[in-house]
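Note on naming: letters A, B, ... go to the chains in the order of the sequence lines (proteins, then strands), and numbering restarts at 1 for each one.
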There are 2 protein chains.
Amino acid sequence: MVNIKDVAARANVSVGTVSRVLAKNETVGKELRELVEATIRELNFRPSGVARGLRRSRTDMIGLVIPDITNPFFAELAKHVEASASQAGFSVLLSITNDDPKIELSQIETLLRSYPTGLIVVPTQFGAPAKWQSDIATVAVDRRLKNYPLISVDHYAGAGLAAQHLLQLGHRRIAYIAGPNESPVSRERRKGFLDTLIAAGIQPEVVEGHFDYQSGEVLGKHLLSSPEDVRPTAIATASDQQAIGLMRAASDLDLKVPDNLSIIGFDDIPLANLITPRLTTISQPVEQIAARAVAFVIGENAAGTNAGLLDATLVIRNSTAAPR
Amino acid sequence: MVNIKDVAARANVSVGTVSRVLAKNETVGKELRELVEATIRELNFRPSGVARGLRRSRTDMIGLVIPDITNPFFAELAKHVEASASQAGFSVLLSITNDDPKIELSQIETLLRSYPTGLIVVPTQFGAPAKWQSDIATVAVDRRLKNYPLISVDHYAGAGLAAQHLLQLGHRRIAYIAGPNESPVSRERRKGFLDTLIAAGIQPEVVEGHFDYQSGEVLGKHLLSSPEDVRPTAIATASDQQAIGLMRAASDLDLKVPDNLSIIGFDDIPLANLITPRLTTISQPVEQIAARAVAFVIGENAAGTNAGLLDATLVIRNSTAAPR
DNA sequence: GTGAAAGCGCTAACAA
DNA sequence: TTGTTAGCGCTTTCAC
């Protein structure tokens, strides 16, 4: 492989000069700069990020640690993190924890060996606080992690939006399919939903499961099995995946959505807009979350782009309507 | 940060010995080895992968280059690649090309700066052959890339399986929703499907679009708009996403699946098993593909685990039935 | 504005 | 079996 020395020799300059050109250092004279640039192209010189990283004790990489890349929300997050990162000249090291704290720990230990500039992590939902530590810039996304700054949608307020929407449509028999109670995110969404409803004098039935399709279907069947006069006219879920599972349950029971049942989800995954009927849901600003997380860890967090809670928005589509 | 020298000093051994312990080199005496291991733990020593990489001209990373992480098939692939890689002690550098050859080129150039041990790439579908080059182990997945070994399902035979299934159910008026004709994968699937049908004396109607939900829906509406006596009783698609879009089209036209229309997809994405009705489809051995790709680039390709075409399997679920 | 040179933390070749 | 040491390819002082 051709290295910086080859380039220097070929261009009859010192390696220092080549390095300065690489760094877009302004102090290099115009002629020399152009000569060096030409030589770089001519020799097809590809600077070693590894040597650079060793010297600077920091590579142009950011570690992204997520529980599950097949979850559409995290896939979306990864997509935008990668886009922001590569925009800024950084590579992303992907690590998948499967929501297992043990794996999270060892994965992060491995990541740290590469001297990344920063770490963006969606922590595992359960279990003890992670016990790794390092002094590199770290930000938590979606879920709280120790004292690291958190970038996330406002789950509480977002769920409140969903409740309000159902209320405004005139629903009174409302049920809620929650996520696991051990998950803080799940608790916040649930509380946001319930608080709003209770403030309106309504006490919804709440069932609890996982965030996945399966849970939505199973719990949905349960909720919808009651006699028509007590059966909920609207069900909100803690995730779009649950909502989609719920739709399936409704269809199995010959219930028309939204005629016989209104459904509202949470997350606004791409699929939400593709199923029939299109799902009314609470949208997370994923792209913004990703951009902020990246900006934060690479130190570009200008004032105003700090960590913090971002607003969710209500996206009204075809799965909700007034009760009949 | 504590380094190998600190460990050596603390344990009163040479750095060479520490390095050998790190490398699990058997030639280190038991006592010394244990002493060093204890010291490593005591000092919380985390060896620098960067220094190691520089010295060896190769890091314990593999680059994964895919068009779109939000595509369920690629997400699944990424998941298993990450699992296999971290199993073997490798990190994965994720790169997303958005199916843009320009981006692919620059992303790969960036990846190469990190001296990865290997590259697993799902090349962009269209455009000229990529013009980057390097001497590190590279394998193409799903789609052909120059002369690199290809690991992929047998698209042609897989599509043939779908055709056979429809034939066996008794369908005669069959249509096919293909992927873009510029995509070799798309062409193989289409040819596999058509060849089988034509051999049975049937000439299906073929429409062409993209691999996404949208295309399935739009093209499906078109196919299903013909009068009932000429309308296809079964439609196969080049992807599950198209099949799901097609289901939506059918539902909009009040056609029951599989009573009035049989649908068979391709890929077996997780969602295929969750929608209503569950989708009959051709399953790709994604996990196996990922494992082989990783084994190949890290040089563990023992005889028998070579690159090559893997078998697709027919997964019969509820979206196909005999015509009425 | 440019060159010279030290050194980042490891590995591997060689010596003992 | 263990120690010593050169050097991987860069960046960054320090001179000039």
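- Taking 4.5 Å as the limit, some side-chain heavy atom of B/Arg20 sits within range of a side-chain heavy atom of B/Thr27.
- Remark: P of C/dG1 and CG of A/Asn25 are 10 Å apart, rounded to the nearest angstrom.
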Practice item. Mark up nucleotides 2-9 of chain C, 5' to 3', with B wherever a protein heavy atom is under 4.0 angstrom from a base atom, S wherever such an atom reaches only the sugar-phosphate, and - elsewhere. Key: BBBBBBBB

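- Proximity of a side-chain donor or acceptor of A/Ser186 to a complementary backbone N or O of A/Gly179 within less than 3.5 Å is detected.
- No side-chain donor-acceptor contact under 3.5 Å links B/Arg113 to the backbone of A/Ser48.
- Between the A/Thr97 side chain and the A/Asp99 main chain, a donor and an acceptor come within less than 3.5 Å of each other.
- At a threshold of 4.5 Å between non-hydrogen side-chain atoms, the residues A/Leu77 and A/Ile289 count as touching.
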